[in-house]
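One structure is given here, and the rest of the page talks about it.
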2 protein chains.
Amino acid sequence: MFTVAEENYIKAVYHLQQQQEMVSTNALSAELQTRPASVTDMLKKLKTKRIISYEPYHGVKLSSEGKKVALGIIRKHRLWEYFLVDKLQFGWDEVHEVAEELEHISSTKLVDKLDAFLGYPKFDPHGDPIPDSKGRLASQQQELLSGIPISKTVEITAVGSQSSELLELLKHKGLQMGTRLEVKKIFDFDGSLELKIKNQQVVTISRDLASVLFVKPV
Amino acid sequence: MFTVAEENYIKAVYHLQQQQEMVSTNALSAELQTRPASVTDMLKKLKTKRIISYEPYHGVKLSSEGKKVALGIIRKHRLWEYFLVDKLQFGWDEVHEVAEELEHISSTKLVDKLDAFLGYPKFDPHGDPIPDSKGRLASQQQELLSGIPISKTVEITAVGSQSSELLELLKHKGLQMGTRLEVKKIFDFDGSLELKIKNQQVVTISRDLASVLFVKPV
DNA sequence: ATTTATTTTTAGACAAACCTAAAAAATAAA
DNA sequence: TTTATTTTTTAGGTTTGTCTAAAAATAAAT
Ligand SMILES: [Mn+2]
Ligand SMILES: [Mn+2]
Ligand SMILES: [Mn+2]
Ligand SMILES: [Mn+2]
């Protein structure tokens with residue numbers, strides 16, 4: 001139905017649309033590491049396929065058909081990430097590139113059987129929601145740890161970055177997806193936080209770290 | 001390193017070489033469903049990449065480097081087939097096309113972790129050997145069931161066709177990979193065989209079926 | 001309201017992988 | 001050993017997805 005290149009564009013438009021309704025040629029160019037001229041070419045093509053609405057110079061957005069396609073690709077991407085981490089013991093900093101390839105395997109039977117095999121997970125290893133077979137996303141009322149008041153118990157639900165540096169730091173501090181904790185103190189000087197991890201010790205983390213960790217009340 | 005198209009050609013040359021040392025342009029054309037002219041183009045390209053030795057009009061064969069590459073692709077293909085059947089409950093008549101895509105996922109880490117996850121299987125669901133991480137193939141001294149003498153106990157090791165029609169027939173007769181049986185009688189009139197399946201009933205199969213089933217003595 | 005800077009599109013090319021039609025080489029038949 | 005048939009290659013095109021360089025449109029600054 002769609003080529004790998006087309007799928008990557010569709011997914012990129014979807015992701016950029018989370019930030020702002022209308023997506024610019026330059027934003028896509030940056031996201032996909034291609035030149036703006038190439039983006040323009042592809043946008044024309046996707047328009048004729050009715051995947052996007054696009055008027056020259058005025059940006060682009062996904063049609064409802066386009067959204068469906070995007071969610072299908074994202075579903076595959078995140079299910080494969082889950083598989084890699086949960087079954088093959090990859091670290092969550094290593095899975096993105098591989099999933100970037102696996103997401104283009106076309107068989108829907110494969111995706112659905114994989115989903116079942118994994119036990120219909122709702123969130124991928126980075127805490128991002130996995131669309132179900134109908135494209136529905138579970139939503140979580142999550143917020144940044146940096147905005148949580150003192151002495152409220154929360155659970156880590158997602159990370160705002162997927163770098164190995166972040167993973168290294170989290171491992172060192174004893175934090176991971178699902179960890180429950182309570183903010184004990186916030187230091188005005190540098191914004192650092194003291195956290196009490198459920199059933200474990202107290203750790204100190206930087207403001208930088210707190211502002212890439214999403215949590216939900218528990 | 002190699003494009004999907006290149007990999008498909010390399011694999012095709014490997015497979016055709018099992019039949020005859022030198023592979024013809026037309027044979028590749030038939031195998032890959034492309035025109036001979038396209039094959040010629042690709043052969044020139046693969047020659048400059050030192051993957052094959054090729055002289056115009058005189059056929060083609062893999063270099064030692066080419067063999068390594070081919071075995072790597074076949075390893076991925078068969079490991080994925082095993083995964084699909086063993087973990088995702090696909091029938092072995094459904095896995096080939098999907099594996100045809102999955103075999104091109106490049107990460108070697110993925111392949112090796114998949115191999116470990118599956119328990120280092122030696123044979124794929126069709127009974128074909130899976131190359132190990134160094135490209136080594138397990139060999140079996142297998143022969144066609146149609147050539148087995150009466151009252152010798154053998155085990156089904158492989159199938160010579162991967163069609164769903166064959167699978168349907170095998171299922172119906174209660175035969176599958178690993179089934180042990182003994183040839184009770186061979187009818188000269190039509191070459192049909194009467195088999196006693198270990199711990200089960202006696203079944204009759206056609207000569208056509210017997211000549212696509214590989215077995216080994218046990 | 002012009003001028004300047006940025007963004008986006010057009011124009012023209014290129015590599016990859018395919019195609020058809022025609023020419024050339026190799027093989028088989030007469 | 002000619003002639004006919006088959007196989008393979010060459011020549012010239014097409015589509016997809018990319019690029020650079022230049023033009024056009026939009027946005028920002030004076
Ligand atoms: Mn991708
Ligand atoms: Mn993810
Ligand atoms: Mn393939
Ligand atoms: Mn197989």
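Throughout, a chain's letter reflects where its sequence line sits, starting with A, and its residues are numbered from 1. Quick caveat: nothing in here was measured; it's all calculated off a predicted structure.
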So what does the secondary structure string of DNA chain C come out as, 5' to 3', with Watson-Crick or wobble pairs under 3.5 angstrom, [ ] for crossing and | for pairs with another strand? ||||||||||||||||||||||||||||||
Starting the side chain at C-beta, find the nucleotide from dT18(D), dT26(D), dA26(C) nearest to His58(A). dT26(D)
Which residues in residues 30-43 of chain A have at least one heavy atom lying under 4.0 Å from any atom of DNA chain C? Pro36(A), Ala37(A), Thr40(A)
With sequence neighbours left out, which residue pairs that include part of residues 127-138 of chain B fulfil the side chain to side chain donor-acceptor pair (under 3.5 Å) condition? Asp132(B)-Arg136(B)
Does anything in residues 16-26 of chain B reach DNA chain C, meaning a heavy atom under 4.0 Å, and if so which residues? none
Restricting to pairs with a member in residues 28-42 of chain B, which pass side chain to side chain donor-acceptor pair (under 3.5 Å), not counting sequence neighbours? none
Under the side chain to side chain donor-acceptor pair (under 3.5 Å) test, which residues partner Lys49(B), sequence neighbours left out? Glu6(B)
With a cut-off of 3.5 Å and sequence neighbours excluded, list every side-chain donor-acceptor pair involving residues 162-173 of chain B.
{"unit_1": "Ser163(B)", "atom_1": "OG", "unit_2": "Ser161(B)", "atom_2": "OG", "d": "3.3"}
{"unit_1": "Ser163(B)", "atom_1": "OG", "unit_2": "Leu166(B)", "atom_2": "N", "d": "3.1"}
{"unit_1": "Lys173(B)", "atom_1": "NZ", "unit_2": "Thr204(B)", "atom_2": "O", "d": "2.8"}

According to ring-ring contact (aromatic ring centres under 6.0 Å, His included), does anything in residues 101-126 of chain B pair up with another residue at least two apart or in another chain? List the pairs. Trp92(B)-His126(B)
Any residue meeting side chain to side chain contact (heavy atoms under 4.5 Å, CB included) with Gln142(B), in chain and number order, not counting sequence neighbours: Gln140(B), Thr157(B), Ala158(B), Phe214(B)
Qualifying residues under side chain to side chain contact (heavy atoms under 4.5 Å, CB included), relative to Gln176(A), sequence neighbours excluded: Thr179(A)
Asp115(A): side chain to side chain donor-acceptor pair (under 3.5 Å) partners, not counting sequence neighbours: Arg75(A)
Filter on side chain to side chain donor-acceptor pair (under 3.5 Å), then keep only pairs touching residues 53-67 of chain A, sequence neighbours left out; what's left? Glu21(A)-Lys61(A), Lys47(A)-Glu55(A)
Is there a donor-acceptor contact under 3.5 Å linking the side chains of Ser24(A) and Asn26(A)? no
